[in-house]
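First comes the structure, then the notes that go with it.
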Amino acid sequence: MRNPYDVLGVSRSASEAEIKKAFRKLAKTYHPDSNQNDPKAKDKFAEVNSAYEILGDADKRGQFDRGEIDAEGKPRFQGFEGFGGGRGAGAQGFEGFGFGGRRSRGFSGGETSDFFSELFGEAFRSAGAENMRQQQQSRARPQKGEDVSATLTVTLEEVAAEAKKRIRLPTGRDLDVVIPKGVNDGQVIRLRGQGQGAPSVDPGDALLTIKIAPHDRFTMEGPNLRSRLPIQIEEAILGGSVRIPTLTGAVNMNIPPMTDSGRTFRLRGKGLPMKGGDYGDLLVTVEIKLPEVVDEDLMDYARKRRSAKAE
C-alpha cells in the first residue's frame, strides 16, 4: 500500500481536522454506491479507508511516523530495545494491537462507521447488517456437491401409464423414476440429493431430461393426442361403429352417415394424464380409403355422378 499521507493527499504536519476533512472528501468520491460503473473505485475506496485507519488514530499515526508500523499497520522489526525498563519503542509498537492502545477507527466502529452513517443514513446501516447476515448464513450453510445430468427416453404408453423407469446416473447409481403426470418432451426434472457427494459434503442434484420417443400412430399436443384413422368409403357414406386404437386399448367410435374425409372427432379423456388428475383428449381425423381393387359398381356410380353434374 502507498504512504497513507500520499493516499489522503495531506502533509505530515497536517492537523487531525485536515486529515478528517481529506478523508471525508475522498470517501464520498470513491464510495462504491456512487461509482457502480467504475470497477476501480472499490479499490481506491478501500485504500482511502486503510490510510485513515492509520492517520485518523493518534497512536497509530505516531507509530507510523516513528517507523514502528508500515503503511498497512503491520509492526516493523524494532530490535530489542523495547524489552528494557519503561515503555520503549517496542512496547509502543504493541500498544496499537490491543495492549493498552486505543480502538482502531476502521469499519468495525468509531469515526469511520459514524461518518458513513451520517453520509448514507439508514441505507448504510441496513447494508452492513444484511452483509453480516449473509456471511453468517454462508458459514452455516453446508457445502454441496456437483449436480449431474442424465437423459431418460420414454414412450407415450409409459407416459400414459405413469410407468416406473430405471436409469443409471453418471454417479454409477441405479435409480427408479416414476414418470410424473403432465410431463413434456425436453422437460428437466430435478432429483434432489442424487448428484455427486463427498465426506462432509451434501450431495448435489441429478438433472433428468425427459425425451419422449416418436410414436408411429400418435402425436402430442400438450396433454392431447392426435391420430389419423383410415375408413372405408361405405363407412363414410353409411356411417357405423369403428374401432379406434388408444394408448390404453381400442374403443368403439360412431361415424355418422356422409362423413367427409378430414373430419376430426374428439374422444374425451383418452389423452395423456395431467397434473391435476384429469386426462387430455384423443383427436381422431378420419381419412376415406378407396378400395384397392377396382369396383365396377363404384366406377359406374362415379360416372353417373359426373354426367349429372355436366348436364
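These numbers come from the heavy atoms of this one structure, side chains and all, not from hydrogens, waters or symmetry mates.
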Suppose clustering is done on Ile, Leu, Val, Met, Phe, Trp and Tyr with side-chain heavy atoms closer than 4.5 Å. Which residues sit in the same group as [X]?
{"X": "Val178", "result": "none"}
{"X": "Met299", "result": "Val294"}
{"X": "Leu207", "result": "Val188"}

Between the side chain of Asn35 and the main-chain N/O of Asp38, is any donor-acceptor distance below 3.5 Å?
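Side chain of Asn35 to backbone of Asp38: no pair is present.
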Donor-acceptor contact present, side-chain Ser307 to main-chain Arg303, <3.5 Å
yes
What residues, two or more places apart in sequence or in another chain, satisfy side chain to side chain contact (heavy atoms under 4.5 Å, CB included) together with Ala150?
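Partners of Ala150 by the side chain to side chain contact (heavy atoms under 4.5 Å, CB included) criterion, ordered by chain and then number, come out as Ile167, Leu169, Pro170, Leu208.
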Counting only heavy atoms from other residues, nucleotides and ligands, does the tally under 6.0 Å from CZ of Phe218 exceed 12?
yes
Looking at Gln232, I want to see if its CD is surrounded by more than 12 non-hydrogen atoms of other residues, nucleotides or ligands under 6.0 Å.
yes
Return the set of residues passing salt bridge (charged side-chain N to carboxylate O under 4.0 Å, His left out) with [X] (not counting sequence neighbours), or none when no residue passes.
{"X": "Arg305", "result": "none"}
{"X": "Arg173", "result": "none"}
{"X": "Lys165", "result": "Glu158"}

Under 3.5 Å, is there a donor-acceptor pair linking the side chains of Asn49 and Glu53?
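Side-chain D/A pair, Asn49 to Glu53: present.
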Could you check whether Thr285 and Thr264, counting side-chain N and O atoms only, form a donor-acceptor pair closer than 3.5 Å?
yes
Going by side chain to side chain donor-acceptor pair (under 3.5 Å), name the residues that satisfy it together with [X], two or more places apart in sequence or in a different chain.
{"X": "Asn37", "result": "none"}
{"X": "Gln187", "result": "none"}
{"X": "Ser241", "result": "none"}
{"X": "Glu162", "result": "none"}

Do the non-hydrogen side-chain atoms of Val177 and Lys164 ever get within less than 4.5 Å of each other?
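A side-chain contact is absent here, since even the closest heavy-atom pair is not under 4.5 Å.
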How are the rings of Tyr52 and Phe23 set relative to one another: parallel (under 30°), tilted (30 to 60°) or perpendicular (over 60°)?
parallel
If the threshold is 4.0 Å, N to carboxylate O, is there a salt bridge linking Asp147 and Arg190?
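Yes.
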Does the distance from a Lys or Arg side-chain N to an Asp or Glu carboxylate O, for Arg166 and Asp176, drop under 4.0 Å?
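Salt bridge between Arg166 and Asp176, a charged N being under 4.0 Å from a carboxylate O: yes.
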Sequence neighbours left out, what pairs pass salt bridge (charged side-chain N to carboxylate O under 4.0 Å, His left out) with at least one residue falling in residues 246-266?
Arg266-Asp281
